[in-house]
Enquirer: 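Dropping the structure in here first, questions after.
All residue numbers refer to positions in the sequence shown, counting from 1.
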Amino acid sequence: MSLQPTDIKRSLKLNPENLTLDHFLDEFNQVEIERLLYTLSALNDIGLEIAGNSVALKTSITNLLRMLLGTLVCTKGAILSFAKFKYAFELETARGIDLSQFYLRVDSKELPLWVTTKHPMLIDELSSLFPSFAQKNKELLDRMQMTVFVPLVVKNILVGCIILGDKLDKKPFNSTDIILLSMISRQIGLDIYNATLKDHLKQSNEKLRKQTAELADANLGVQRISDISMRFSTILDTEKLFNALLDEMIASTAATKA
């Protein structure tokens with residue numbers, strides 16, 4: 001194994017959602033400043049692109065995955081989003097994996113624990129914490145030979161996960177790696193979370209637009225019926241009334257005869 005669970009716990013005393021440079025320097029005395037500053041700068045650039053709506057979610061997380069693998073010198077990895085109605089992690093982007101599409105099934109009974117788990121885990125620790133999840137996806141995880149699993153939780157909502165293979169040099173992940181992984185993972189989680197909110201807002205707006213159009217059509221129909229009733233109420237001759245009704249029906253239905 002590349003990473004020991006005790007190392008992860010010791011390295012991640014901080015809440016990944018409140019990571020700052022000051023906290024890093026206080027907690028980790030072996031932080032490689034150049035790597036840290038490079039990652040901060042890259043995250044800032046990608047964050048500005050996202051905020052300016054100049055990149056789509058797919059492009060954003062693909063860039064982040066590329067930066068993550070390059071920063072940690074990992075051989076392969078993937079980012080998945082959580083589909084809550086399917087209880088499954090669905091693939092968004094991957095590098096170094098020979099599968100174009102796959103998903104990881106989640107046991108609904110384990111979901112409350114997922115939203116409170118925010119630290120990177122070895123596959124062995126993952127199996128211990130989430131035995132049902134590990135059993136359901138064992139064949140796939142073994143096939144891909146993944147080493148580290150990172151849940152993506154934003155505002156106590158499970159939005160996705162990151163899975164990583166070994167480092168290229170086969171060395172264990174150190175404290176600096178865990179810091180950088182936490183920083184980039186947080187940005188990826190926020191991207192997925194914000195994209196989900198935008199999608200829900202778009203769907204709500206579309207639903208509201210349709211309801212507004214239906215209401216306008218209904219009001220127009222009511223007004224038309226009222227106008228017709230007023231017009232017909234002034235016709236006292238029965239034959240003229242029937243002819244007027246017939247003309248109105250032909251005009252309303254675009255019929256050729258009646």
Side-chain angles (χ1 to χ4, degrees), residues 12 14-24 36-72 74 77-95 97 101-106 108 110-121 133 148-164 178-210:
L12 288 181
L14 299 176
N15 184 340
E17 295 184 357
N18 295 317
L19 295 175
T20 66
L21 182 56
D22 288 339
H23 288 155
F24 288 154
L36 181 57
L37 293 178
Y38 167 78
T39 303
L40 286 171
S41 176
L43 284 175
N44 179 67
D45 291 342
I46 293 176
L48 290 175
E49 290 179 349
I50 297 168
N53 295 319
S54 60
V55 295
L57 173 66
K58 186 77 172 182
T59 302
S60 167
I61 61 175
T62 297
N63 290 340
L64 285 166
L65 178 61
R66 185 182 298 111
M67 183 179 73
L68 176 61
L69 296 180
T71 302
L72 301 181
C74 281
I79 298 173
L80 299 89
S81 59
F82 180 62
K84 63 180 181 179
F85 296 114
K86 298 179 182 179
Y87 287 104
F89 291 110
E90 296 182 324
L91 180 66
E92 291 290 344
T93 186
R95 290 179 67 85
I97 297 175
Q101 190 60 258
F102 65 89
Y103 64 93
L104 301 173
R105 292 173 291 169
V106 174
S108 59
E110 294 179 339
L111 192 56
L113 181 58
W114 278 111
V115 300
T116 61
T117 305
K118 303 176 182 180
H119 65 274
M121 297 175 283
F133 174 81
V148 179
F149 189 99
V150 188
L152 301 176
V153 180
V154 179
K155 296 184 178 179
N156 294 320
I157 297 174
L158 180 64
V159 299
C161 69
I162 300 173
I163 48 178
L164 298 173
I178 301 304
I179 293 171
L180 298 174
L181 174 57
S182 297
M183 292 170 57
I184 300 173
S185 298
R186 182 188 179 193
Q187 181 64 59
I188 293 171
L190 287 172
D191 286 353
I192 296 175
Y193 177 77
N194 290 334
T196 301
L197 289 182
K198 289 180 181 178
D199 185 57
H200 288 168
L201 180 60
K202 182 178 179 181
Q203 292 179 11
S204 297
N205 287 339
E206 180 63 20
K207 183 178 180 180
L208 180 60
R209 187 193 65 78
K210 289 181 178 180

Enquirer: Do Leu164 and Leu69 have side chains that get closer than 4.5 Å, going by heavy atoms?
Expert: yes

Enquirer: List in chain and number order the residues that pass side-chain hydrogen bond (donor to acceptor under 3.5 Å, both in side chains) with Ser81, two or more places apart in sequence or in another chain; answer none if no residue qualifies.
Expert: Glu92

Enquirer: Would you say that more than 12 heavy atoms from the other residues, nucleotides or ligands in this model lie under 6.0 Å from the CZ of Phe102, or not?
Expert: yes

Enquirer: Evaluate the side-chain proximity of Tyr103 to Leu80: yes if any heavy-atom separation is below 4.5 Å, no if none is.
Expert: no

Enquirer: Does Lys155 reach the side chain of Val115, with side-chain heavy atoms less than 4.5 Å apart?
Expert: no

Enquirer: For a 4.5 angstrom cut-off between non-hydrogen side-chain atoms, does Ile192 reach Ile79?
Expert: yes

Enquirer: Which atoms form the tightest heavy-atom contact between Ala78 and Ile97, and what is the distance?
Expert: CB-CD1, 3.7 Å

Enquirer: If you apply the rule side chain to side chain contact (heavy atoms under 4.5 Å, CB included), what do you find for Ile184 with Leu72, and how did you get there?
Expert: CA-CA 11 Å; Ile184 300 173; Leu72 301 181; over 6 Å; no

Enquirer: I'd like to check the side-chain hydrogen bond (donor to acceptor under 3.5 Å, both in side chains) partners of Thr117; sequence neighbours left out, ordered by chain and number.
Expert: none

Enquirer: Given side chains that start at C-beta, do those of Phe149 and Leu104 come closer than 4.5 Å, heavy atoms only?
Expert: yes

Enquirer: In the structure I gave you, are the side-chain heavy atoms of Pro112 and Thr116 within less than 4.5 Å of one another anywhere?
Expert: no

Enquirer: Which pair of heavy atoms, one from Ser185 and one from Val150, lies closest together, and at what distance?
Expert: OG-CG1, 3.7 Å

Enquirer: Please enumerate all residues that pass side-chain contact (heavy atoms from CB on, under 4.5 Å) together with Leu111, with sequence neighbours excluded.
Expert: Phe82, Tyr87, Trp114, Leu158

Enquirer: If you compare all heavy atoms of Arg95 against all heavy atoms of Leu65, which two are closest, and at what distance to 0.1 Å?
Expert: N-CD2, 3.9 Å

Enquirer: side-chain hydrogen bond (donor to acceptor under 3.5 Å, both in side chains) with Arg66: which residues, sequence neighbours excluded?
Expert: Asn63

Enquirer: Could you state the interatomic distance from CD1 (Ile157) to CG (Leu152), rounded to the nearest 0.5 Å?
Expert: 13.0 Å

Enquirer: Apply side chain to side chain contact (heavy atoms under 4.5 Å, CB included) to Leu190 and Val159, showing your working.
Expert: CA-CA 9 Å; Leu190 287 172; Val159 299; over 6 Å; no

Enquirer: Can you tell if the side chain of Met121 reaches within under 4.5 Å of the side chain of Pro151, non-hydrogen atoms only?
Expert: yes

Enquirer: Applying salt bridge (Lys or Arg N to Asp or Glu O under 4.0 Å), can you list everything that pairs with Glu90, at least two apart in sequence or on another chain?
Expert: Lys86

